[in-house]
Amino acid sequence: MLKGKWQLKTVEQAGEISPVDTVWYNFQSESIFMYQVYSAEKDRFMIQYGFKTQPGERTLQLELISNPNPMNTFLPVTDWETHIRTFTVEKVTGNKLVLAGGGKKYVFEKF
């Protein structure tokens, strides 16, 4: 059900909701993942590939690899602290995905 391109719409932390329109998570197959960020100031997209695993029905683990960018140049444009993130899948439908992790809630829409 995750397969496809999902655009991040909001991030909620401590009751504060921030709109987002420059981040996409792409689930290209059962195991391939791509993180895409649009930089308005540079007018270009940055992408990073990685892997997706689902150790449990409501658990999603994403791991970025140094492809095509070194991790130390890509991570600063994200809110990830390390190249691996584990999320709880709070909701997934045909057009909405809600992930929680690190004290934040991420709401995506199918792109």
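Model, not experiment: these values are computed from the prediction. Note: hydrogens, waters and symmetry copies are ignored here, and every other heavy atom, side chains too, is used.
Val23 and Met71 fall within the same hydrophobic cluster, where Ile, Leu, Val, Met, Phe, Trp and Tyr residues are linked whenever their side-chain heavy atoms come under 4.5 Å apart, directly or through other members. Put simply, Val107 and Val20 are part of two different groups of oily side chains (I, L, V, M, F, W, Y) that touch within less than 4.5 Å, one to the next. There is a path of hydrophobic side-chain contacts, each under 4.5 Å, that joins Leu8 to Trp6. Linking ILVMFWY residues whenever their side-chain heavy atoms come closer than 4.5 Å, directly or via other members, places Val89 and Val11 in the same cluster.
Lys104 NZ: more than 12 foreign heavy atoms inside a 6.0 Å radius. Under a cut-off of 6.0 angstrom, the local environment of NZ in Lys91 is sparse, with at most 12 non-hydrogen atoms contributed by other residues, nucleotides or ligands. Heavy atoms from other residues, nucleotides or ligands lying under 6.0 Å from NZ of Lys5 number more than 12.
Residues Thr86 and Gln61 approach most closely at OG1-CG, 3.9 Å, considering heavy atoms. Scanning all heavy atoms of the two residues, the minimum distance from Gln48 to Ile65 falls at NE2-O, 2.7 Å. For the pair Ile47 and Asn69, the tightest heavy-atom approach, listed with the atom from each and the gap, is O-ND2, 2.8 Å. Of all non-hydrogen atoms in Val77 and Met46, the two that sit nearest each other are CG1-SD, 4.1 Å. For Lys110 against Lys3, the heavy-atom pair with the smallest separation is NZ-O, 2.9 Å. Of all non-hydrogen atoms in Arg85 and Asp79, the two that sit nearest each other are NH1-OD1, 3.6 Å.
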* **side-chain contact (heavy atoms from CB on, under 4.5 Å) between Lys52 and Ile32, intermediate numbers included** => CA-CA 6 Å; Lys52 168 191 84 113; Ile32 304 296; over 6 Å; no
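Judged by distance alone, the side chains of Asn26 and Tyr49 never bring a donor and an acceptor atom under 3.5 Å apart.
Separation of atoms CG (Asn95) and CZ (Phe111) is listed at 14.0 Å; rounding is to 0.5 Å. The NZ atom of Lys105 lies 8.5 Å from the CD1 atom of Ile17; values are rounded to the nearest 0.5 Å. Here the CG-CE distance, from Leu62 to Met34, works out to 13.0 Å after rounding to the nearest 0.5 Å. One distance of note links CZ of Phe74 with OG of Ser66; it measures 11.0 Å at 0.5 Å rounding. For the atom pair NZ (Lys9) and CZ (Phe108), the distance works out to 11.5 Å, reported to the nearest 0.5 Å. Atoms CG and CZ, on Leu60 and Arg58 in that order, are 12.0 Å from each other to the nearest 0.5 Å.
A ring-centre distance under 6.0 Å is not found for Tyr38 and Trp24. Between Tyr25 and Tyr106, the distance from one ring center to the other does not fall under 6.0 angstrom. Ring to ring, Phe27 and Phe33 are close: their centroids are under 6.0 angstrom apart.
Checked by atom type and distance alone, the side chain of Thr82 pairs as donor or acceptor with a backbone atom of Ile84 at under 3.5 Å.
Electrostatic pairing of Glu109 and Lys96 does not count as a salt bridge here, judged by no charged N lying under 4.0 Å from a carboxylate O.
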